[in-house]
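To keep things clear, I will list the structure first and then write my remarks on it.
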Amino acid sequence: MSEISWAWDLVPAAGPDRAGWTDFMAKLLDEWVGEQVAAARAAWPADATEAFPFSPGAVGSAVARDLLERADGLPRNCRLIWGAGFVDDRVRWLPLLVLAEFREPRPGDSGYLMALVGAEGMPGDVREPHVEYVSTEHGDGVRVLALAEDDEGLHGRVHAALRLERPDGDVDVLFETRANGLEQLAVIGAGVEAVMHLIAERSTELNLVPSVAGSPA
């Protein structure tokens, strides 16, 4: 049976943490997909009208630049999380993107989170959502997976919510991503749960900027 594992991290926000990150990504992704890129480069037709699009190490740099641009376009209370899924220690899905939104909780009310993650369905769902509860080191949450359809076609929507318990005050965290293809949808739930644990584990070191309770998403 194939073994599936995940690697996740936050795209650095603007600041000194970004120094050297693009170089780090170039080296990391070259380790993960360098062999596949080299094989594709070797198989590129000699008489092709265009040159092979990537030089050694260029894949990681291109991915890093794209992630930084995406992160810079987000509201202050959101962070972009990137990751990869591995099958038997070989990269199968890359890059995977998860949006995390931080909110001030509504005192005494966690039920509103169920509506925000579409636990009872959302427009576009073609099947009843699958709902699972998740416990982390610093709070409990819920994860919702559903087969949905929009202008881009059939896909899996994945939403999750976590009430993050912190010494300086609780924070509600909403997660959102999508799975392209049934194969990815079948396993992405475990990947999103790993993201929830990542945020819980790093909650005290993250400079969270939650939106005001009740404000629009």
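This one's a predicted model, so the numbers in the text were calculated from it and none came from an experiment.
Within 6.0 Å of the CD atom in Glu120, the count of heavy atoms belonging to other residues, nucleotides or ligands does not exceed 12. Atom CG of Leu182 is surrounded by 12 or fewer heavy atoms from other residues, nucleotides or ligands within 6.0 Å. Counting heavy-atom neighbours within 6.0 Å of Arg202 CZ, excluding the residue itself, gives a total above 12. Around the CZ atom of Arg90, the shell of radius 6.0 Å holds no more than 12 heavy atoms that belong to other residues, nucleotides or ligands. Around the CG atom of Asp168, the shell of radius 6.0 Å holds more than 12 heavy atoms that belong to other residues, nucleotides or ligands.
Within the 4.5 Å cutoff, side-chain heavy atoms of Tyr112 are placed close to those of Arg106. Residues Asp140 and Leu162 have side chains not in contact (no heavy-atom distance under 4.5 Å, counting atoms from C-beta outward). Side-chain atoms of Val59 and Asp30, non-hydrogen and from C-beta on, never get closer than 4.5 Å to each other. Between Val134 and Val192 the shortest side-chain heavy-atom distance does not fall below 4.5 Å. Counting only heavy atoms from C-beta outward, the side chains of Asp66 and Trp82 never approach each other to under 4.5 Å. At a threshold of 4.5 Å between non-hydrogen side-chain atoms, the residues Arg92 and Glu183 count as touching. Put simply, the side chain of Val117 does not reach to within 4.5 Å of the side chain of Phe175, judged on heavy atoms. By the 4.5 Å heavy-atom criterion applied to side chains, Cys78 and Leu99 are counted as neighbours.
With respect to the salt-bridge test (charged N to carboxylate O, under 4.0 angstrom), the residues Arg103 and Asp170 do not qualify.
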- Task: Show the numbers, then the answer: is there a side-chain contact (heavy atoms from CB on, under 4.5 Å) between Asp172 and Leu164?
- Result: CA-CA 6 Å; Asp172 284 344; Leu164 192 59; over 6 Å; no
- Derivation and outcome, side-chain contact (heavy atoms from CB on, under 4.5 Å), residues Leu94 and Leu29: CA-CA 9 Å; Leu94 175 76; Leu29 267 64; 4.1 Å; yes
- Could you walk me through whether Val142 and Arg163 pass the side-chain contact (heavy atoms from CB on, under 4.5 Å) check? CA-CA 9 Å; Val142 62; Arg163 177 147 290 179; over 6 Å; no
- Could you go step by step and tell me if Val173 and Glu101 meet the side-chain contact (heavy atoms from CB on, under 4.5 Å) rule? CA-CA 6 Å; Val173 191; Glu101 177 191 351; over 6 Å; no
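Contact detail for Thr22 and Ser61: the closest heavy-atom pair is CG2-CA, 4.1 Å. The minimum heavy-atom distance between Ala200 and Thr136, with the atom names listed, is CB-OG1, 3.5 Å. The two residues Val11 and Ala71 have their closest heavy-atom pair at CG1-CB, 3.8 Å. Residue Gly141 comes nearest to Met196 through the heavy atom pair CA-CE, 4.2 Å, listed as atom of the first residue, atom of the second, then distance. Ile188 approaches Ala179 most closely through the heavy-atom pair CG2-CB, 4.2 Å. Taking both residues in full, the closest heavy atoms of Ala119 and Val131 are given as O-CG2, 3.6 Å, listed atom of the first, atom of the second, then distance.
Taken together through direct or relayed side-chain contacts under 4.5 Å among Ile, Leu, Val, Met, Phe, Trp and Tyr, Met122 and Val158 form parts of separate hydrophobic clusters.
Between the CD1 atom in Ile81 and the CG atom in Leu67 there is a gap of 12.0 Å [rounded to 0.5 Å]. Here the straight-line distance linking atom NE2 of His138 with atom CZ of Arg166 works out to 10.5 Å at 0.5 Å rounding. Of the inter-residue distances, the one linking Leu97 atom CG with Glu176 atom CD reads 11.5 Å to the nearest 0.5 angstrom. In this structure, CH2 in Trp8 is found 11.0 Å from CD1 in Ile199, a value given to the nearest 0.5 Å. We find the CG-CZ distance between Asn77 and Phe102 to be 8.5 Å, quoted to the nearest 0.5 Å. How far CG of Leu10 is from CG of Leu80: 8.5 Å, rounded to the nearest 0.5 Å.
Proximity of the aromatic rings of Phe86 and Trp93 is defined here by a centroid distance below 6.0 angstrom, and this criterion is not met.
Under the salt bridge (Lys or Arg N to Asp or Glu O under 4.0 Å) criterion, Arg79 pairs with no residue, sequence neighbours left out.
Between the side chain of Arg157 and the backbone N or O of Gly118, at least one donor-acceptor pair lies under 3.5 Å. Distance alone, capped at 3.5 Å, places no donor-acceptor pair between the Asp125 side chain and the Ala148 backbone. Arg143 contributes no side-chain N or O that, together with a main-chain N or O of Ala160, makes up a donor-acceptor pair within less than 3.5 Å. Proximity of a side-chain donor or acceptor of His155 to a complementary backbone N or O of Gly153 within less than 3.5 Å is detected.
Inspection of the Glu137 and His197 side chains reveals an N or O donor paired with an N or O acceptor under 3.5 Å.
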